[in-house]
Amino acid sequence: MWGPKMSEIPNYISLEEAITITQKYALKTEIESTPLDQAHGRILGSDLPSKVNDPPFDNSAMDGFAVRFKDTETAPTTLRVVATSQAAASNDSVSISTGEAVRIMTGAPIPKGADAIIPIEACVVEGDSVTLTQPSKPHFIRRCGENIKQGIIGLEQGSYLSPQSISMCATMGYDRLPLMKKLKIGIISTGDELKSPGEPLSFGEIYESNSYGLSGLVEALGHTPIRYPAVIDSLSELRTQFNEAASECDLFLTSGGVSMGEWDFVRKLMEEEGDIAFWRVRIRPGSPPLFGHWNGTPMFGLPGNPVSSHVVFRMLVTPYLRDSLQTSFPIDRIVHAKLLTDVRSTKDCLTLRRVSLHSTQEGFLAEQPKHQGSGNIDSLSSADGLTLLQPGQSGKTGEWIEVLLL
Ligand code: AMP
Ligand code: MG
């Protein structure tokens, strides 16, 4: 069924061993300067030191009155309003002395001589005097550089640029960013039975779904998916598509055709003409993946079952991209959860069941509400996480386990 070459390569290895093998073939990318407003979801290519102090000057955290703390330790106190400090006002000259206050807006510079802010809610204004109904505290002043000081690294190389980190870049004064150039990642679905969504189905056919989900995963990691049309189970058609993907892409993924069957042509083609680094990994679902090179381009052969293709992407392709480029990803988080229902574990595999999470005072509770067939994409699309049940872990109700968030 499969030839001598397959018996020589690492077969049915642990996830850790598989990841270690992929790391030997780390991908590289270049750095490109990109406008800030195109940087969301991308990966930072170098450490980013702040160009400025944030805030750049002492300023008020409240609308109210800037006062001298000493004048206002007891309430009520009445002070004379001598000026107004607005945000962006150039008020170098505004200052106060004993018995005086300056009306101030949030974000406006603190006048010289002032060292406390009384919020507007605690003031009664009459003409040019203000009565403070509560004693002041030396609060509500945002000090120059208290968020980040000029020259300090605000975001590290490899950071995934979330909306909040984009704001951080802007605050630090960057209108362009050094970003890692997106990798081109090809996606090839294989199988005679696959039809594109939108087309009518004949008996025996199903809608091709894996390439869409895998494209989403590639995008979620900040790279560019290239989704090729599905290929029928034919060695020559696959070869043609592999050649195209290998020449256009930095990496390509296939789905389907990697098991031991007669029709598993991805495995067959890789075995006969490719360069396989490992085949089959001890994870369930998703044990048949292979990793190797085609014409020198790395490729992962993912299983065809829809849940398995996602799970193997999360288990193998995400770490490969993360470790290659030293990146952190938002979709790579693990939480602890207590099992609310029994989950079937395995003796020799990492078991990845789909669970819903409930947040309680005790922590997360994990429940397995749906049947867990690896063809049941509904069980994945409705889940919050994947159990990371180690080989031999019981999976019994009440056990605390790790869950990878989806
Ligand atoms: P295979 O690994 O090729 O034997 O496929 C395993 C199962 O996954 C079969 O039931 C296939 O019909 C299904 N399958 C394979 N590729 C896809 C795909 N791209 N989208 C949806 N289901 C698929
Ligand atoms: Mg198939």
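Note that ligands are numbered from 1 as they come in the structure, with each ligand's atoms numbered from 1 the same way. Since we're looking at a predicted model, the values are computed, not measured.
Sparse packing is recorded around CH2 of Trp263, with 12 or fewer heavy atoms of other residues, nucleotides or ligands lying under 6.0 Å away.
Arg42 has a carboxylate O that lies under 4.0 Å from a charged side-chain N of Glu32, or vice versa, which qualifies the two as a salt bridge. Salt-bridge check for Lys195 with Glu208: failed, with every basic side-chain N at 4.0 Å or more from each acidic carboxylate O. Ion pairing of Glu100 with Arg68 is absent here, as no side-chain N (NZ or NE/NH1/NH2) approaches a carboxylate O to less than 4.0 Å.
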Do any side-chain atoms of residues 285-294 form donor-acceptor pairs under 3.5 angstrom with protein atoms, and if so which ones, sequence neighbours left out?
from, atom 1, to, atom 2, distance (Å)
Trp294, NE1, Asn243, OD1, 2.8

- Task: Go through Ser379 and Arg354 one step at a time and tell me if the side-chain hydrogen bond (donor to acceptor under 3.5 Å, both in side chains) criterion holds.
- Result: CA-CA 6 Å; Ser379 71; Arg354 284 119 270 157; 3.0 Å; yes

Identify the protein atoms, limited to N or O, that lie within less than 3.5 Å of an N or O atom of ligand 1, and list each pair with its distance to 0.1 Å.
from, atom 1, to, atom 2, distance (Å)
ligand 1, 2 (O), Gly257, N, 3.4
ligand 1, 2 (O), Gly304, N, 3.2
ligand 1, 3 (O), Gly257, N, 2.9
ligand 1, 8 (O), Gly304, O, 3.2
ligand 1, 8 (O), Asn305, N, 3.2
ligand 1, 12 (O), Glu193, OE2, 2.5
ligand 1, 14 (N), Gly304, O, 3.2
ligand 1, 19 (N), Ser189, OG, 3.3
ligand 1, 19 (N), Glu208, OE2, 2.9
ligand 1, 19 (N), Asn210, ND2, 3.4
ligand 1, 20 (N), Ser209, N, 3.0
ligand 1, 20 (N), Asn210, N, 3.3

